[in-house]
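Before any comments, here is the structure.
Order of the sequence lines sets the chain letters (A, B, ...), proteins ahead of strands, with each chain counted from 1. Side chains included, hydrogens not; waters and symmetry mates left out as well; all remaining heavy atoms used.
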Amino acid sequence: MRVNHVTEDELEAILAGEVNAAVRDHVHACTVCQEELKKWEAFLAAGSRWLPDPQTQGRVRQQAVMQALRRRPLRWWVPLAAAAAVVLAVGLATRWGERPKTNVDVVLEQVDMTLASDPLFAVADSQVVRVVVPETPSGERSES
Amino acid sequence: MAEVARWEQPVSENERELIIQVRRGEREAAERLLLLHEALMWRVCRALLPAGEDVEAAVQEVMVKVLQGVRSFRGEGSLAPWVARIAVNHCRDLLRRRKLLSFVPLSGSVDHDEEERVLRFPASDPDPERALRAKQGVARLVAALQQLPHRQREVFVLRFFAHLDLQGVAEALGGVDVGTVKTHLHRALARLRPYVLEAWP
């Protein structure tokens, strides 16, 4: 059986409930250490009375929840950025709508109009027919 | 013998579920999550802030930081050391703002006016005599803790009032070495020992 009273390290272990057998045996047999441990327990027990009444605890908790989970206000630059994006989109759309017609668009429009007025004439008069049945140049007659 | 809760377990299923719900903005889950660690926050703030400081406001701010921070919490362990770290850092910020962090009282005497000022929480015990003894006990405890340098006080409070294990205390103090925690704890106990033996009834 040891005769020395508990050291600070052993005291820490005892107060944390992690004491070894040798220290425990000493404390059981030593009135000085028992007396000291009672004082430490009373000292630490006072800390458990640090909580306010349940109403105060509940109020503080609820206020914290409201504060933490409320929607954050928009930052000043967010509406500005949104407005700029809208202006840019409208500008681009307008420019795209006013772009000049290309040659392909003009040719396709003429084809549509011709086909709508007289489809047969359009086929006969088309460049395709002229290519398939080439016109005989003047002065070149068949000998047969 | 003082009963000490252990915090070595990984984050519980309950905590994990609550964290997910809080991230979705569910208020009831937020309240339940705070309730799990509420005592820790009150005790840490109460022990580390000086008399006259608004502990209620401090705890509320810590709670807000916990709920906002939990959205990005990636820890594997229990929330307790992480919550304690937020509370400790918040108290340090308040003390720095008031330029009190470097102040360490040299005298061992107890200021009885100070004792009266620190009794901010009403006693809930219906027996007036017992309530008075409880108040006096709390006042003596606060006065005793004021004898410690701030870092020793933090370690002592996290170990015995927030009930963190040594690893948890090390985490709560920003990942310091466990050996450093032991050294501070040893010194705190040595410093408090004569006070507890002589002044505690």
Working note: B:Lys182 + A:Glu12, criterion side-chain contact (heavy atoms from CB on, under 4.5 Å); need CA distance, chi angles, decisive distance, verdict.
CA-CA 9 Å; B:Lys182 280 184 182 172; A:Glu12 191 266 326; 5.9 Å; no
Point-to-point distance, once rounded to the nearest 0.5 Å, from CZ of A:Phe43 to CG of B:Leu197
11.0 Å
So how far is it from B:Trp42 CH2 to A:Arg61 CZ, rounded to the nearest 0.5 Å?
10.0 Å
Would you say that [X] contacts [Y] through its side chain, given a criterion of any heavy-atom pair below 4.5 Å between the two side chains?
X       : Y        : value
A:Glu36 : B:Arg193 : yes
A:Gln67 : B:Met63  : no
B:Met41 : A:Val60  : no
A:Gln62 : B:Arg27  : no

Can you tell me if A:Gln34 has over 12 outside heavy atoms packed within less than 6.0 Å of its CD?
yes
Non-hydrogen atoms of chain A under 4.5 Å away: do they reach the side chain of B:Ala188, the backbone, both or neither?
neither
Under a 4.5 Å heavy-atom cut-off, does chain A meet the side chain of B:Glu26, its backbone, both or neither?
backbone
If you take all heavy atoms of [X] and [Y], which pair is closest and at what distance?
X        : Y       : answer
B:Ala30  : A:Leu69 : CB-CD1, 3.9 Å
B:Leu189 : A:Trp40 : CD2-CH2, 3.6 Å
B:Phe161 : A:Leu44 : CE2-O, 3.3 Å
A:Leu51  : B:Ala39 : CD2-CA, 3.7 Å

Name the residue from B:Leu33, B:Val22, B:Leu67 that meets the side-chain contact (heavy atoms from CB on, under 4.5 Å) definition with A:Val65.
B:Leu67
Heavy-atom pairs under 4.5 Å with chain A are the metric here; pick the option from B:Glu61, B:Glu31, B:Lys65, B:Arg187 that has the most.
B:Glu31
